[in-house]
Number of protein chains: 2
Amino acid sequence: MKYSKQRSLILEVLQNNPCHPTAEQVFALVKELLPDISLATIYRNLNQLTENGIIKKLDYIDNVSHFDYCTEKHYHFVCSKCSKIFDIKANIIPEIKQSILKQQGLTVEDMEISFSGLCPDCLKNSNN
Amino acid sequence: MKYSKQRSLILEVLQNNPCHPTAEQVFALVKELLPDISLATIYRNLNQLTENGIIKKLDYIDNVSHFDYCTEKHYHFVCSKCSKIFDIKANIIPEIKQSILKQQGLTVEDMEISFSGLCPDCLKNSNN
DNA sequence: CATAAAAATGATAATGATTATTAGTTCTAA
DNA sequence: TTAGAACTAATAATCATTATCATTTTTATG
């Protein structure tokens, strides 16, 4: 996979901003470095990077796609107040995957977990 | 909460079709019973029923909202081929919720798990 | 080099899901 | 019975995403 200037910047921005940004957010960030970039280029490259397994597209957070420059397997925690997304690195449920569901004839290939609740900042401010 | 003819039919259709339909799918089903109903009425009532806790809006399946007439807590399995959604009734992870995440200062209010893989039908046909 | 084919880009139109608006209709309570 | 509230159908508006297309950049090859 070849890297154009645009694609490189998009990937770089994802690496430097591990906040699981949406396409629009990536657009805003890359625009600071390359003001003439088009939103279509953002979407096109995010999809290509996803297809090549370089980044991951998260479709289970809300109804907007978020993008993640991921290396290791992890889960996500979404703050129910500010919607910030936190990485959860934990060895959850390696065995649940196969055992529980076989009984229903379903073959589990993947499992996504999203936690929600209050993040530390919002917990602090929730007493106002 | 009062039930208009439209709202009653929407809820009834959800009860009789536990396939986690989208708003458009609910629209199509209700239209058979009440051809003049408007799509806006579907959305309005689905949102109101959700706000009143009568039904549940699933935003973590894909990037379209699905609606569920739910009683007990359950998880979902999404077939990676046909995208059909299956209910997973299992006593998973009551303790993971609080234990694992406290260390990171996150207060878990809810947790959603979506499994994906092949459903029995698609597994059967995957050898073609 | 020269240059033709392939790939990528920017601009923008088109689409699909959802929300907002609005004028008219139905329900409800005094 | 009737004014006000709630609800509706139709449709415009919005937001996220994809498709299109003319132009530019890159790449491979003679």
Side-chain angles (χ1 to χ4, degrees), chain A residues 1-14 17 19-68 76 78 83-85 114, chain B residues 1-14 17 19-68 78 83 85 114:
Chain A
M1 193 186 195
K2 281 293 161 57
Y3 283 83
S4 66
K5 183 174 43 162
Q6 288 84 344
R7 184 172 303 159
S8 301
L9 280 175
I10 289 168
L11 190 54
E12 196 178 298
V13 152
L14 270 177
N17 297 276
C19 59
H20 316 80
T22 63
E24 285 283 353
Q25 292 170 328
V26 173
F27 182 47
L29 290 164
V30 177
K31 229 170 155 43
E32 293 175 11
L33 309 168
L34 196 63
D36 285 341
I37 200 168
S38 162
L39 181 56
T41 301
I42 302 289
Y43 273 103
R44 207 175 324 107
N45 281 294
L46 286 174
N47 284 335
Q48 282 170 216
L49 288 164
T50 299
E51 279 156 27
N52 285 72
I54 316 287
I55 64 175
K56 209 167 179 187
K57 187 183 201 170
L58 310 178
D59 285 337
Y60 56 89
I61 303 288
D62 48 24
N63 285 344
V64 183
S65 292
H66 294 253
F67 296 87
D68 197 0
H76 295 105
V78 184
S83 299
K84 230 177 273 153
I85 302 166
S114 36
Chain B
M1 192 184 196
K2 281 294 163 55
Y3 282 82
S4 66
K5 183 174 45 162
Q6 288 86 343
R7 182 172 304 158
S8 300
L9 280 174
I10 289 168
L11 190 55
E12 196 178 299
V13 153
L14 269 177
N17 296 276
C19 59
H20 314 80
T22 63
E24 284 285 351
Q25 290 170 328
V26 172
F27 181 47
L29 289 164
V30 176
K31 230 172 153 46
E32 293 174 12
L33 309 168
L34 195 63
D36 284 341
I37 199 168
S38 163
L39 180 57
T41 301
I42 302 289
Y43 273 103
R44 203 179 327 106
N45 280 294
L46 286 174
N47 283 335
Q48 284 172 213
L49 287 165
T50 299
E51 279 155 28
N52 284 72
I54 316 286
I55 64 175
K56 210 166 178 189
K57 187 183 202 170
L58 311 178
D59 285 338
Y60 55 89
I61 302 290
D62 48 24
N63 284 346
V64 183
S65 292
H66 293 253
F67 296 88
D68 198 1
V78 184
S83 300
I85 301 167
S114 37

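We name chains A, B, ... by the order of the sequence lines, and we start the count at 1 in each one.
One finds no side-chain N or O of B:Q48 lying less than 4.0 angstrom from the OP1 or OP2 phosphate oxygen of D:dA6. Between B:S38 and D:dA10, a side-chain N or O to OP1/OP2 separation shorter than 4.0 Å is absent. The side chain of A:Q6 places an N or O atom within less than 4.0 Å of a non-bridging phosphate oxygen (OP1 or OP2) of C:dG10.
In this structure, the OH atom of A:Y3 is 17 Å from the P atom of D:dT26, given to the nearest Å. Protein atom CG of B:L49 is 17 Å distant from nucleotide atom P of D:dA6, rounded to whole Å. In this structure, the CZ atom of A:R7 is 15 Å from the C1' atom of C:dG10, given to the nearest Å. Separating the CG atom of A:N45 from the P atom of D:dT17 is a distance of 15 Å, rounded to the nearest angstrom. Atom C1' of nucleotide D:dC15 and atom CZ of A:F27 are separated by 14 Å, given to the nearest angstrom. Taking atom CG on B:L9 and atom C1' on D:dT8, their separation rounds to 14 Å, with Å as the unit. Here the C1' atom of nucleotide D:dC7 and the CD1 atom of B:I42 are 14 Å apart, to the nearest Å. Here the P atom of nucleotide D:dT25 and the NZ atom of A:K5 are 9 Å apart, to the nearest Å.
Side-chain atoms of B:N17 do not come within 3.5 Å of backbone N or O of B:C19 as any donor-acceptor pair. Panel note: side chain A:N52, backbone A:I54; no donor-acceptor pair is recorded below 3.5 Å. One N or O on the side chain of A:H66 and one on the backbone of A:H20 form a donor-acceptor pair closer than 3.5 Å.
Between the base of C:dA8 and the side chain of A:S4 there is no donor-acceptor pair shorter than 3.5 Å.
In terms of heavy atoms, B:A23 sits closest to B:I42 at O-CG2, 3.6 Å. Scanning all heavy atoms of the two residues, the minimum distance from A:I10 to A:L46 falls at CG2-CD2, 3.8 Å. Shown here for A:Q6 and A:T41, the closest heavy-atom pair between the two residues is CB-CG2, 4.0 Å.
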| Could you run down nucleotides 17-30 of chain C 5' to 3' and tag each one B, S or - for protein heavy-atom contact under 4.0 Å? | SBBB-------S--

